[in-house]
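Values below: all heavy atoms of this structure, side chains included; hydrogens, waters and symmetry mates excluded. Order of the sequence lines sets the chain letters (A, B, ...), proteins ahead of strands, with each chain counted from 1.
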Amino acid sequence: MPCLSALLSDTVQAAFTAAGLPAELGQVKLSDRPDLGQYQTNGALAAAKLARKPPRAVAEGVAEILDGDPRLAGVSIAGPGFINLTLTDAFLAAHVADLAADDRLGVEAVRDPQTVILDFGGPNVAKPMHVGHLRASIIGDSLQRLFRHLGHRVISDVHLGDWGYPMGLLIAEMARRRPDLPYFDAGFQGPYPADSPVGLEDLEALYPEAAAAAQAEPERRRQASAATAALQSGRPGYRALWQHFLDISVAAMKRDFDALGVHFDLFKGEADVDPLIAPMVERLADHAIAERDEGALVIRVAEDGDKAEVPPLILEKADGGVMYATTDLATIVDRVTAFDPDLVLYVVDQRQHLHFEQVFRAARRGAISGHARLEHIGFGTMNGTDGKPFKTRAGGVMKLQDLLSMATEEAEARLGEAGLAADYPAEERAEIARLVGIAAVKFADLQNWRMSNYIFDLDRFMRFEGRTGPYLQYAAVRIRSLLRKAAAQDLRPGAILPPEAPVERDLMLTLARLPDAVAVAAAKRAPHELCDYAYDLAQGFSRFYAACHVLSADDADRQASWLMLAHTTERALDRLLDLLGIAVPERM
RNA sequence: GUCCCCGUAGCUCAGCCGGAUAGAGCAUCAGAUUCCUAAUCUGAGGGCCGCAGGUUCGAAUCCUGCCGGGGACGCCA
């Protein structure tokens, strides 16, 4: 089922062609002036020069052709030559009825499904998940839901940072503190202990201390680098210790991701491609794609036309260790072999843009086979209200877990204030608070264009009124409640009638935009487009709800039509919230 | 220094492959509940779209320069 704006574009483009004008100028979009029309096309202005006629005359020519269209109630020309279109109420109602009858609400599945891999540039082992991980997680999650819904084959990979210098740093720090452990005894015959020598809290404390110490002392840095190289070359004790770190960290991350409602198909990490690195490096060196420079093995990726110098990608450091550019390349090799993807999206902080440019260029230069399009989906950093990188009041980073607890507590408090869920069982109330808190946090993040840096303002995150996640949940829940009450009175949704009230017409027009919103969000890889639209739709319903009292309607047919409108809106909201990764409670 | 992102209402942000009167939420002020959930709805005020040029019939949108914020720039991730 084609969406409304595409349908109108086809019609208007045909009219442009009939008028002897380029069809592409007949693109129809939502009106900027709802007082003059529902849709508009500005092509006559651009066509004026080609046609050597005044824009108004061009517009009149096109309007004349359109005039007989039975779907259009009005075709008018305004200003210098804008063509404004208004649909007949009958056609609008019929279109929304089609939408309502469609499982996918008019969102067509793609004709050529692609294999899409989403790389979340995952958290590093031994570092607790903090608010900085929020963006990649929820933007990436929304994108995976979106692409999947469009019918693509999506494989998401958390892609842990578990194989670089920080791992060596931790091992070196442990060697310093606990040299007695068997992991550091080169002659140890095994087996190594099954239990980790450190717990999660120890591990999380270890990293910042080790990093600070290394920062201050070059000798410690050297030791950490040596430990990294030894780990990567397979020293058994180091591998055993590293495995403990990994297991502990992964368990903690899974807990945090679960709490957030974010799931991955693969929980892989850099270390998983370790076996692929040596052969890949060898091949690149043999084919002279990689070369020695200052002791390191590098791939030169500078290209003519670069505005800034693009430094070579370091495949292998002078000390033999590898960095994440190498593991990222090997990961591409791995993915091409396993999935032969058409598209790989890296949902990673915009600051790593140059890194990805290097990796993508190296890949194109022959580091990998396969045809995958590689795309960095960058996003801006999260700052505090002072515009500087976000810190807690105490000056530290805020753990993801703590943020979610705060949001839940706040939601619980607000439930009390608003008098909602007062008589629900305590357990359900707690679950509602949890869902509301997460919705607030996710929507507050997702509604921003991902490239912008944005201000992480706790107070604002904890507000549940206006353009927020909870507003959307509330709208959906209210519709459910309405439909439940209707069903209890044996009232069912029925045929959608042509609208009478303006709010009714507006809601129909808004519903018809769903496919466009989804398409734009996917094309721009921009969940905020979904947020924008979801808010418009929820607000459209709230207005309708305030103006049209469904259950007390006199006319049974009108009432059934309204119920169908409500039901369809609910389905659309549910779909949108699902694409945003926001769950809706049954009631609240 | 070079390059990238950002600069729009008091605050937080949409709008940016040119188009009519630049939108939303919050905050402020004024209203709405004998009836479907007021976490709602209605209305008002609030703008040299960072600055200056340029292109164009037309610029928040495209180009150039400058200013301000953030970031990246070879052996961290």
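Judged by the 6.0 Å distance and 45° axis criteria, A/Arg513 is not positioned over the aromatic ring of A/Tyr533. In this structure, A/Arg414 is not positioned above the aromatic face of A/Phe464 in the sense of NZ or CZ being under 6.0 Å from the six-membered ring centre and within 45° of the axis.
Distances shown here put every side-chain N or O of A/Tyr545 at or beyond 4.0 Å from the OP1 or OP2 atom of B/U33. Checking the phosphate oxygens (OP1, OP2) of B/C5, no side-chain nitrogen or oxygen of A/Arg450 falls inside 4.0 Å. Phosphate proximity of B/C13 to A/Arg467: absent, as no side-chain N or O sits under 4.0 Å from OP1 or OP2.
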> For RNA chain B, what is the dot-bracket line, given that a base pair needs Watson-Crick (N1 to N3, plus N6-O4 or O6-N4) or G-U wobble (N1-O2 and O6-N3) geometry with both distances under 3.5 Å, and | means paired with another strand?
Replying inline: (((((((..((((.....[...)))).(((((.......))))).....(((((..]....))))))))))))....
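Within residues 552-562 of chain A, no residue has a heavy atom under 4.0 Å from RNA chain B.
Checked against A/Leu315 for a side chain to side chain contact (heavy atoms under 4.5 Å, CB included), the options A/Val322, A/Leu329, A/Val298 give a single hit: A/Leu329.
Side-chain rings of A/Phe360 and A/Tyr346 approach one another, their centers coming within less than 6.0 Å. Taking the six-membered ring for Trp and the full ring otherwise, A/Tyr471 and A/Tyr474 have centroids separated by 6.0 Å or more.
Both thresholds, 5.5 Å between centres and 30° between ring planes, are met by A/Phe82 relative to the base of B/A20, so the two rings are stacked.
If you take atom C1' in B/A24 and the same atom in B/C41, they sit 16 Å apart, rounded to whole Å.
Counting any heavy atom pair closer than 4.0 Å across all strands shown, A/Ser481 reaches a base atom. A/Leu169 comes within contact range of no nucleotide atom at all, as no heavy-atom separation falls under 4.0 Å. When heavy atoms are screened at a 4.0 angstrom cut-off, A/His549 is found touching base atoms of the nucleic acid.
Side-chain contact check for A/Leu507 versus A/Leu537: some heavy-atom pair is nearer than 4.5 Å.
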> Where along nucleotides 70-77 of chain B does protein come under 4.0 Å, by heavy atom, of base (B) or sugar-phosphate alone (S), with - for untouched nucleotides?
Replying inline: SSSSBBSB
